[in-house]
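It should be emphasised that the depicted structure is a prediction, and the values quoted were computed from it without experimental measurement. Atoms within each ligand, like the ligands themselves, are counted from 1 in listed order.
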Amino acid sequence: MNPRHLDSSEWFTELADEAGLAMSLRHRGRLHSEQSPYQKIEVYDTEGFGHLMVIDGYVMLSERDNFVYHEMLSHPVLLTHPRPRRVVIIGGGDCGTLREVLKHPEVTQVTQVDIDERVTRVAERFFPELCESNHDPRAELLFEDGVAWMAAAADESADVVIVDSTDPVGPGEGLFNESFYRECRRVLGAEGLLVQQSESPLIHLDLIQAMRAAMSAAGFGCLHTLQFPQPVYPSGWWSATMARARGPWPEFRAGDARKLRTRYYSAAVHQGALAMPPFFGAATGQSDEGSAHS
Ligand code: AG3
């Protein structure tokens, strides 16, 4: 069967207008739809990717492939920090990142700050496996504005900040600018590490450049973008950008990487993910050897 037109009662489509691109998943029905105080949250029962969460028309995660994104947002940065104890997650309300962070025995405290409690409640119902560690005594879930929370946090009170945000539109917009990064830099001190999901290296290169420029301007002198596949996001190719006040970039703890139970991440994948293609290096100045900065 090769339908010439996609019937919208059977297909969920995310439009990536900026690239003249659409991504569709066939589904058996919409399981949930609500307008929270902040955004529209939907869950579809897809044929090939299990449950699919969509916010304001943008795909957030699918049951089938979210492990790639959540592992790559968490493990590279945590294993680059020599001793990550205090971790802050901004966004991440589905709790998939939180679950990965809690796999690290050195972590003593994780504070997750998502503006929208409804995302977590919907995840508990439709993605229970992602929420299985939510009652870990090290985890604290706050439902507040992440920008305001960061501005009020004490100097040098976190070792790692993970920004698991939506796209830079709607409630996520304030998480992509210099003033937010400046607060992160203050809260992390000289040794701390920041990581943020940074969209597609192929179709959002301009956004990655702007984000890296804002991070540098905020005092993060040493940046590393890494890449991984994420089939349900537009283009299927995604990235995260790690930042630190200055070099040298620490060697990652490859021995500890080998002890983690993961499905995508490994020490070899970590190394490979840091090798960015020539067009990316030409646009950002990051070398493919994983040693350059902005
Ligand atoms: N964070 C969303 C990444 C951006 C997706 N963009 C898009 N579909 N256009 C996902 C949250 C998972 N914890």
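- Inter-residue side-chain proximity for K40 and I55 is flagged as unmet; no heavy-atom pair is nearer than 4.5 Å.
- Closest protein heavy atom to atom 8 (N) of ligand 1: V59 O, 2.9 Å.
- The single protein non-hydrogen atom nearest to atom 4 (C) of ligand 1 is D167 OD1, 3.2 Å, given as residue, atom name and distance.
- For Y265, the ring-ring contact (aromatic ring centres under 6.0 Å, His included) partners are H75, H270, not counting sequence neighbours.
- Assignment of G92 to the shell around ligand 1 is not supported, since no heavy atom sits closer than 4.0 Å.
- Of the inter-residue distances, the one linking D167 atom CG with E199 atom CD reads 4.0 Å to the nearest 0.5 angstrom.
- A search for ring-ring contact (aromatic ring centres under 6.0 Å, His included) contacts involving F12 returns Y44, not counting sequence neighbours.
- Near E14, meaning under 4.0 Å from any of its heavy atoms, are these atoms of ligand 1: 7 (C), 8 (N), 9 (N).
- Contact atoms of ligand 1 toward W238: 4 (C), 5 (C), 6 (N) (distance under 4.0 Å to a heavy atom of the residue).
- In summary, the aromatic rings of W238 and Y233 are positioned with their centroids under 6.0 Å apart.
- When hydrogens are left out, the protein atom nearest atom 10 (C) of ligand 1 is Y233 OH, 3.2 Å; that is the closest non-hydrogen contact.
- For H224 and W249, the ring centers sit closer than 6.0 Å to each other.
- Nearest-heavy-atom check against atom 12 (C) of ligand 1 across I89, L61, D94 picks out D94.
- Nearest protein neighbour of atom 2 (C) of ligand 1, counting heavy atoms only, is S165 O, 3.2 Å.
- We find the CD-CZ distance between Q227 and F280 to be 8.5 Å, quoted to the nearest 0.5 Å.
- Given atom 11 (C) of ligand 1, the protein heavy atom at minimum distance is D164 OD1, 3.2 Å.
- Counting atoms of ligand 1 from 1 in the listed order, those under 4.0 Å from a heavy atom of H70 are 12 (C), 13 (N).
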